[in-house]
J.: 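Right, I'll just put the structure down here and ask away after.
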Number of protein chains: 2
Amino acid sequence: MSLPHAILTALVEKPSSGLELTRRFDKSIGYFWSATHQQIYRELGKLEADGLIRALPGGQPARGQKKSYEVLPAGRDELARWTAAPQDPKPLRDAMLLRLRAAAVVGTSGIEADLRRHLELHERQLAEYEEIEERDFPPGRDSTEDRLRHLVLRAGIDLETFWTQWLRHALTQFGELPDEGGRT
Amino acid sequence: MSLPHAILTALVEKPSSGLELTRRFDKSIGYFWSATHQQIYRELGKLEADGLIRALPGGQPARGQKKSYEVLPAGRDELARWTAAPQDPKPLRDAMLLRLRAAAVVGTSGIEADLRRHLELHERQLAEYEEIEERDFPPGRDSTEDRLRHLVLRAGIDLETFWTQWLRHALTQFGELPDEGGRT
DNA sequence: TCGTACATGTAATCAGTTACATGATTAT
DNA sequence: ATAATCATGTAACTGATTACATGTACGA
């Protein structure tokens with residue numbers, strides 16, 4: 001149940017319309033909690049009905065017209081409550097690891113190309129994160145808020161670093177492997 | 001759409017009943033693709049209807065009676081097809097990172113205790129993985145199948161190592177932070 | 001007036017979770 | 001007999017994804 005809180009966080013940072021939120025969920029917050037515009041509009045409706053946010057005054061009408069929201073005190077309270085409440089980490093769920101486990105019994109043919117492709121994708125993501133770090137967190141002077149945001153970005157950087165290293169290591173194994181590991 | 005393939009992989013490794021699969025999904029395969037018994041029984045029904053698996057001969061009847069399944073050639077083919085097919089990595093979705101981002105705007109009070117708790121949980125998981133590595137992959141002699149399974153376990157170990165390090169780093173930051181970062 | 005980008009939404013479907021129901025087997 | 005455990009399932013709900021629908025504003 002984190003999507004409403006992701007939206008609240010984004011709206012506290014800056015009041016926005018649905019489409020603006022959608023764009024921000026394509027980067028920034030979306031780097032660790034993605035959402036589509038359909039999810040966002042639905043959730044905005046619920047949050048408004050629950051009295052956690054409201055449409056910015058300036059009476060905008062219906063369809064096709066921009067409608068911006070801001071967080072109400074109740075919304076800020078709910079966000080603070082959720083942030084402090086204990087939550088168990090979700091167990092890992094990764095399809096590539098599953099595919100390698102499957103490859104151990106049905107053969108590895110075909111998977112190597114996709115490992116290479118994933119390596120490229122993770123390298124690209126890592127480069128993007130590192131650009132952001134250079135741009136937004138120059139060495140030396142992080143404010144309190146910046147320090148936390150930097151910490152989150154560091155997690156992204158370190159995770160992408162892990163994946164690129166692990167994928168490179170995986171690919172070295174493939175040079176030594178027969179193309180078919182399964183008993184077909 | 002990976003659950004059926006996780007089950008196929010488990011059943012190729014060893015024909016099993018629903019409950020046996022459930023137990024194996026609490027460890028082993030479940031370490032990177034978890035599933036509850038409800039999901040598993042539902043999926044076993046679908047896989048049987050689709051002709052990818054079948055109940056082991058020895059005419060078992062209905063409720064309360066054990067019923068084991070094995071993978072049919074069509075199931076093995078489908079698993080090989082899925083393993084080789086390109087799939088995009090799913091974007092990261094992590095509630096703890098979101099909570100820290102939220103903490104940057106509504107204050108950090110309360111979250112530190114949960115960071116410590118997460119650190120303990122990840123340390124425990126890491127220790128468990130390392131035991132498995134020692135027990136199942138002694139240095140030197142990995143077969144082809146073992147090499148792939150070891151690779152997957154390494155990913156688990158390295159990921160847990162990352163989390164423990166990152167959480168420790170995060171906690172050092174908290175010593176220097178005021179309890180309230182938000183403008184209440 | 002036509003196409004394109006902006007902007008907000010609905011509907012259907014799918015995957016995962018939670019709560020509950022039912023029967024068989026075994027030990028006390 | 002009865003309680004605990006093994007074993008298989010149903011039902012309801014929630015969250016996420018995919019496809020589609022509708023309307024506005026603006027430039028060519």
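Every chain is numbered from 1 and lettered A, B, ... according to where its sequence line falls, protein lines coming before strand lines.
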J.: Please state how far atom CD in Gln39(A) lies from atom P in dG9(C), giving the value in whole angstrom units.
T.: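 Interatomic distance, CD of Gln39(A) to P of dG9(C): 16 Å.
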J.: Which residue, Leu3(A) or His37(A), contacts DNA chain D at a nucleotide closer to its 5' end, judged by nearest heavy atom?
T.: Leu3(A)
J.: Quickly work out the Glu43(A) CD to dT17(D) C1' distance and round it to whole Å.
T.: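 Those two atoms, CD and C1', are 15 Å apart.
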J.: Among the clusters formed by ILVMFWY side chains lying less than 4.5 Å apart, do Leu121(A) and Leu119(A) turn up in the same one?
T.: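 Shared cluster, no.
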J.: Quick one, Asp158(A) and Gln165(B) - any side-chain contact, counting heavy atoms below 4.5 Å?
T.: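 Not touching, per the 4.5 Å side-chain cut-off.
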J.: Using whole Å, what does the distance between atom C1' of nucleotide dC13(D) and atom NZ of Lys46(A) come to?
T.: 11 Å
J.: Provide a list of protein-nucleic acid N or O atom pairs under 3.5 angstrom, restricted to nucleotides 11-14 of chain C.
T.:
none

J.: Could you pick out which residue, Tyr41(B) or Arg93(B), lies toward the 5' side of DNA chain D when each is mapped onto its nearest nucleotide?
T.: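 Closer to the 5' end of DNA chain D: Tyr41(B).
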J.: Remember a base hit wins even if backbone is also touched, and classify Thr22(B) as base, sugar-phosphate or nothing at under 4.0 Å, heavy atoms.
T.: nothing
J.: Figure out the CG/P separation between Asp88(A) and dT17(C), and round it to whole Å.
T.: 13 Å
J.: Aromatic rings Phe137(A) and His150(A): how do their planes relate, parallel, tilted or perpendicular, breaks at 30° and 60°?
T.: parallel
J.: If I take atom NZ in residue Lys66(B) and atom C1' in nucleotide dT26(C), what distance separates them, rounded to the nearest angstrom?
T.: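 One finds 15 Å between C1' of dT26(C) and NZ of Lys66(B), rounded.
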J.: A side-chain contact here means heavy atoms from C-beta on lying under 4.5 Å apart; do Phe162(B) and His122(B) qualify?
T.: no
J.: Evaluate the salt bridge (charged side-chain N to carboxylate O under 4.0 Å, His left out) criterion for residues Arg117(B) and Asp114(B): first the C-alpha distance (whole Å), next the side-chain angles of each, then the deciding distance (0.1 Å), finally the verdict.
T.: CA-CA 5 Å; Arg117(B) 196 174 64 91; Asp114(B) 213 35; 2.8 Å; yes
J.: Using a distance-only test with no angle check, is there a side-chain donor-acceptor pair under 3.5 angstrom linking Glu78(A) and His5(A)?
T.: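 Note: Glu78(A) and His5(A) side chains meet the donor-acceptor criterion.
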J.: For a quick test of your reading: what N or O donor-acceptor pairs under 3.5 Å do the side chains of residues 41-51 of chain B make, sequence neighbours left out?
T.:
from     : atom 1 : to       : atom 2 : distance (Å)
Tyr41(B) : OH     : Leu19(B) : N      : 3.3

J.: Whole Å only: how far is the CD1 atom of Ile40(B) from the P atom of dT10(D)?
T.: 15 Å
J.: Distance check needed: dG23(D) P versus Leu19(A) CG, whole Å only.
T.: 19 Å
J.: Calculate the interatomic distance between His5(B) atom NE2 and dA15(C) atom P; express it in whole Å.
T.: 11 Å
